[in-house]
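Working notes, beginning with the structure itself.
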Amino acid sequence: ETPQIVINKLALAPAQDVNLEHFEAPPAFDPVQLREEILAILRGLPDEQYRLVAESYLNDEAFMARFEIGPAARMMHHPYKFGLLEHVHSVMQLGVSLCDHYSWVDRSLVLLGLFLHDSGKVVELIGENVPGYSVEGELLGHITIGINMLDRKLQELGEQIPHHKGVLLKHVILSHHENAEFGSPKPPMLPEAQVVHAIEALDAKMNAFMR
């Protein structure tokens with residue numbers, strides 16, 4: 001016979017009696033180290049204007065608070081606490097290698113694009129241990145949220161960032177899912193956008209395979 005458990009009564013445990021660490025798997029990496037390595041890459045971008053865009057996010061306490069602990073997806077890839085940090089760190093490390101290989105692409109655009117490609121997920125997803133979608137996530141999606149967020153940052157920076165550079169960065173974010181079926185209104189139409197899409201898709205799928 002198959003053993004069975006019969007539950008006759010459930011009661012909510014008092015918060016002070018629950019140690020949430022007992023229900024969390026410890027990360028297989030040091031989140032502080034990953035954060036510092038991401039910051040080092042961004043602060044070393046060759047393009048001064050793209051560095052200013054990066055700093056506007058790094059100085060945004062609300063953004064960074066969610067970026068550093070949030071999941072990268074509800075189910076598909078990195079769907080756990082610190083998952084977004086892990087995913088972005090991984091793609092940026094790959095981005096450094098590919099930019100070394102394809103030295104003719106705009107290194108700053110690729111690496112900043114990789115940092116920001118899933119930036120909208122800080123709003124799209126809620127919860128760490130059991131990720132779910134916010135109202136904005138359900139109705140808008142992370143790409144739209146990310147573009148709106150970038151628009152606000154560019155408006156704050158004003159004339160410090162040339163208009164065409166903002167457009168290029170928006171395209172990289174918009175196209176990182178490659179086609180409309182997966183949420184991108186435009187396919188990659190720049191070599192930098194193609195690199196970002198290829199790296200992001202690879203890392204997402206490799207995490208799914210690993211898990």
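Bear in mind the structure is a predicted one, so any value in this text is a computation, not a measurement.
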Heavy-atom side-chain proximity of [X] to [Y] below 4.5 angstrom:
X: Leu85; Y: Ile69; answer: no
X: Phe67; Y: Tyr57; answer: no
X: Pro71; Y: Leu84; answer: no
X: Met149; Y: Phe63; answer: yes
X: Ser175; Y: Met189; answer: no
X: His117; Y: Val91; answer: yes
X: Glu192; Y: Leu168; answer: no
X: Lys153; Y: Ile161; answer: no

With a 3.5 Å distance limit and no angle check, can you tell me whether [X] reaches the backbone of [Y] through a side-chain donor-acceptor pair?
X: His89; Y: Glu86; result: no
X: Ser56; Y: Val53; result: yes
X: Asn207; Y: His78; result: yes
X: Ser184; Y: Pro187; result: no

> For atom CD of Glu159, is the number of surrounding heavy atoms from other residues, nucleotides or ligands below 6.0 Å larger than 12?
Replying inline: no
>> Applying ring pair (Phe, Tyr, Trp, His ring centres under 6.0 Å) to His142 and His177, what does each step give before you reach the verdict?
In response: CA-CA 11 Å; His142 73 279; His177 278 186; 5.2 Å; yes
Grab the two heavy atoms, one from [X] and one from [Y], that are nearest each other, plus how far apart they are.
X: Glu68; Y: Phe82; answer: O-CD2, 3.1 Å
X: Asp118; Y: Glu200; answer: OD2-OE2, 4.2 Å
X: Gln49; Y: Gln160; answer: CG-O, 3.5 Å
X: Val105; Y: Pro191; answer: CG1-CB, 4.3 Å
X: Arg107; Y: Asp100; answer: NH1-OD1, 2.9 Å
X: Tyr50; Y: Lys165; answer: OH-O, 3.2 Å

According to a hydrophobic-cluster definition based on side-chain heavy atoms being under 4.5 Å apart (Ile, Leu, Val, Met, Phe, Trp, Tyr only), do [X] and [Y] belong together?
X: Leu45; Y: Tyr102; answer: yes
X: Leu125; Y: Ile145; answer: no
X: Val96; Y: Met206; answer: no
X: Leu190; Y: Trp104; answer: yes
X: Leu140; Y: Leu116; answer: yes

Measuring from [X]:[atom1] to [Y]:[atom2], what's the distance to the nearest 0.5 Å?
X: Asp47; Y: Leu109; atom1: CG; atom2: CG; result: 9.0 Å
X: Leu98; Y: Gln194; atom1: CG; atom2: CD; result: 11.0 Å
X: Ser119; Y: Ile147; atom1: OG; atom2: CD1; result: 7.5 Å
X: Ser108; Y: Arg51; atom1: OG; atom2: CZ; result: 7.5 Å
X: Leu157; Y: Leu150; atom1: CG; atom2: CG; result: 9.5 Å
X: Leu174; Y: His176; atom1: CG; atom2: NE2; result: 9.5 Å

>> Tell me which one of Ile199, Leu112, Ile38 satisfies side-chain contact (heavy atoms from CB on, under 4.5 Å) with Met92.
In response: Ile38
> salt bridge (Lys or Arg N to Asp or Glu O under 4.0 Å) between Arg74 and Glu124: does it pass, once the steps are laid out?
Replying inline: CA-CA 10 Å; Arg74 189 175 70 85; Glu124 179 187 47; over 6 Å; no
>> side-chain contact (heavy atoms from CB on, under 4.5 Å), that's the test. Do Lys170 and Asp151 meet it? Break it down for me.
In response: CA-CA 9 Å; Lys170 288 178 186 177; Asp151 255 333; 2.6 Å; yes
> Passes side-chain contact (heavy atoms from CB on, under 4.5 Å), Ile41 versus Gln93? Steps please.
Replying inline: CA-CA 9 Å; Ile41 292 173; Gln93 293 288 336; 4.2 Å; yes
> Where do Phe115 and Val88 land on the side-chain contact (heavy atoms from CB on, under 4.5 Å) test, with the steps shown first?
Replying inline: CA-CA 6 Å; Phe115 174 58; Val88 171; 4.0 Å; yes
> Where do His87 and His77 land on the ring pair (Phe, Tyr, Trp, His ring centres under 6.0 Å) test, with the steps shown first?
Replying inline: CA-CA 9 Å; His87 175 51; His77 70 93; 4.6 Å; yes
